[in-house]
Amino acid sequence: MNSLDTMIATELAQLEAKANLRQLPQLTHRGKWVEVGGHTMLNLSSNDYLGLAADTELHQTYLEGLSVDRLLLSSSSSRLLTGNFAIYEELEEELAARFGREAALVFNCGYHANTGILPAICTPRTLVLADKLIHASLIDGMRLSSATAMRFRHNDLKHLERLLERYIDSYELVIIVTESVFSMDGDLANLQQLVALKRRYPDKVMLYVDEAHAFGVFGPTGLGLAEAIGCIADIDLLVGTFGKAGASAGAYLICSRAMRSWLVNKMRPFIFTTALPPLSIDWTLFILRLLPSMQVRRKHLASMGSTLRNQLTESGLPCPSESQIVPLLIGASADAMRQAEALQRHGFYLLPVRPPTVPEGTSRIRISLTAAQTDEEMEQLKKVISEMI
Ligand SMILES: *Cc1c(COP(=O)(O)O)cnc(C)c1O
């Protein structure tokens with residue numbers, strides 16, 4: 001064994017001993033259910049919040065309207081070479097119009113968006129102030145950039161304000177980075193207050209908001225929390241992804257026209273990658289056009305979220321969530337694994353979320369509600385949880 005083999009063997013054994021070893025689950029999808037080891041369970045671990053990815057009728061409708069000229073399964077190139085099929089710009093124009101902003105740029109995924117935007121726009125004279133609980137892709141984007149990065153305590157705008165006051169004069173530009181719906185606690189950023197804070201420093205502070213878990217779910221036409229709150233125009237860099245409630249793949253940035261051109265020139269994960277298949281973009285556009293009509297699903301999802309959150313709060317359990325993502329906070333990874341297995345035996349496919357995805361000692365079961373879940377299934381889930389807690 002060479003030194004790398006030895007290191008890998010030791011560390012894997014340590015991960016296993018701490019119940020933090022990860023393995024790729026073997027599962028078969030059947031609409032909103034998954035089958036694992038011969039056992040069929042309701043899937044409450046995906047991000048298919050509106051139930052669109054599990055909706056076979058919807059896929060059938062899409063396929064019936066599809067013609068061979070749109071059935072392009074590869075772009076065969078970066079968009080800067082020959083991969084810029086017209087459907088890309090159609091999607092971007094529609095996004096910009098729907099958000100009421102100058103421009104939009106589409107990326108292959110949210111991970112690309114977040115690892116690419118900050119490195120392309122930051123200089124050593126930029127300060128990034130980021131919420132403590134932002135997604136790993138944003139953390140990697142900060143690390144790859146030449147900015148100075150600091151974190152403020154989760155959703156603690158007083159802390160952010162102090163950092164701003166203290167450092168604003170030492171930098172040319174400050175970029176505040178947050179998610180709108182946080183992926184692990186399901187709580188919300190206070191976008192209104194963030195906008196108010198930004199406005200105190202005109203031309204000096206920018207807002208970068210990641211709506212990965214809010215796109216499709218929040219807002220009267222499903223554009224996200226910024227739409228719900230009415231502050232789309234105030235968010236300089238508004239990112240969202242299509243792979244969650246959007247039931248597709250890819251990500252978008254809503255921004256100024258100049259910013260779009262800059263990123264087309266400078267953003268490495270945009271430039272140096274083969275564009276998504278045009279078919280995938282076509283399907284995203286199909287979904288985007290449907291989102292305004294999904295209000296019934298959004299209401300059902302919101303109402304299930306509030307029912308579940310109330311249940312936890314009434315049982316005296318900590319429940320930070322304000323959305324469709326409801327964590328059962330457990331603590332030790334081994335306990336979270338055991339509880340998740342118990343829930344699975346009752347027919348709910350729930351998984352433990354462990355470090356390094358969440359901080360040490362905060363292992364949890366992350367319930368991702370889906371609008372495909374019926375009221376009866378929700379009642380059953382509540383019953384199983386009440387027996388567990
Ligand atoms: C899922 C997620 C991403 C990554 O998006 P992908 O399209 O899956 O790469 C980025 N940000 C947040 C907050 C996410 O939850």
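One-based numbering, in listed order, for ligands and for the atoms of each. These values consider heavy atoms only, across backbone and side chains, with no hydrogens, waters or symmetry-generated copies. Counting from 1, the numbers follow the sequence of the chain as shown.
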### Task
Report the nearest protein non-hydrogen atom to atom 14 (C) of ligand 1: residue, atom name, distance rounded to 0.1 Å.
Lys244 NZ, 2.8 Å
### Message
With no hydrogens and no angle check, just 3.5 Å: does a side-chain donor-acceptor pair link Ser368 and Arg366?
### Response
yes
### Message
Under 4.0 Å from a heavy atom of Glu179: which atoms of ligand 1 are those, numbered in the order shown and with their elements?
### Response
13 (C)
### Task
May I ask you to check whether Ser386 and Gln311 show a side-chain donor-acceptor distance below 3.5 Å?
no
### Query
Going by distance alone, is a donor N or O of one side chain under 3.5 Å from an acceptor N or O of the other, for Tyr62 and Asp55?
no
### Query
Any N/O of Cys109 closer than 3.5 Å to an N/O of ligand 1?
no
### Query
Taking NZ, NE, NH1 and NH2 as the nitrogens, is one of them in Glu227 or Arg298 under 4.0 Å from a carboxylate oxygen of the other?
no
### Query
Which of the numbered atoms in ligand 1 are below 4.0 angstrom from a heavy atom of Ser137?
10 (C), 11 (N)
#### Entry: Tyr49 and Asn47 side chains, donor-acceptor separation under 3.5 Å
yes
### Task
Indicate whether any N or O donor in one side chain lies under 3.5 Å from an N or O acceptor in the other, for His154 and Asp187.
yes
### Query
Do Ser180 and Glu211 pass the side chain to side chain donor-acceptor pair (under 3.5 Å) test, and can you show the C-alpha distance, the side-chain angles, and the key distance before you say yes or no?
CA-CA 5 Å; Ser180 62; Glu211 296 249 48; 2.5 Å; yes
### Query
Can Ser333 and Asn20 be counted as having a side-chain donor-acceptor contact under 3.5 angstrom?
yes
### Summary
Min over Phe107, Phe242, Tyr111 of heavy-atom distance to atom 9 (O) of ligand 1 lands on Tyr111
### Task
Give the contacting part of His213 toward ligand 1: side chain, backbone, both or neither, where contact means a heavy-atom distance below 4.0 Å.
side chain
### Task
Write out the residue and atom name of the closest protein heavy atom to atom 13 (C) of ligand 1, then the distance separating them to 0.1 Å.
Asp210 OD2, 3.2 Å
### Task
Looking only at distances, please establish whether an N/O atom of ligand 1 is found under 3.5 Å from an N/O atom of Thr241.
no
### Message
List ligand 1 atoms under 4.0 Å from Asn114, heavy atoms only on the residue side.
### Response
10 (C), 11 (N)
#### Entry: Those atoms of ligand 1 less than 4.0 Å from some heavy atom in Gly110
4 (C), 5 (O), 6 (P), 7 (O), 9 (O)
### Message
Heavy-atom distances under 4.0 Å decide this one: backbone, side chain, both or neither, for Leu138 against ligand 1?
### Response
neither
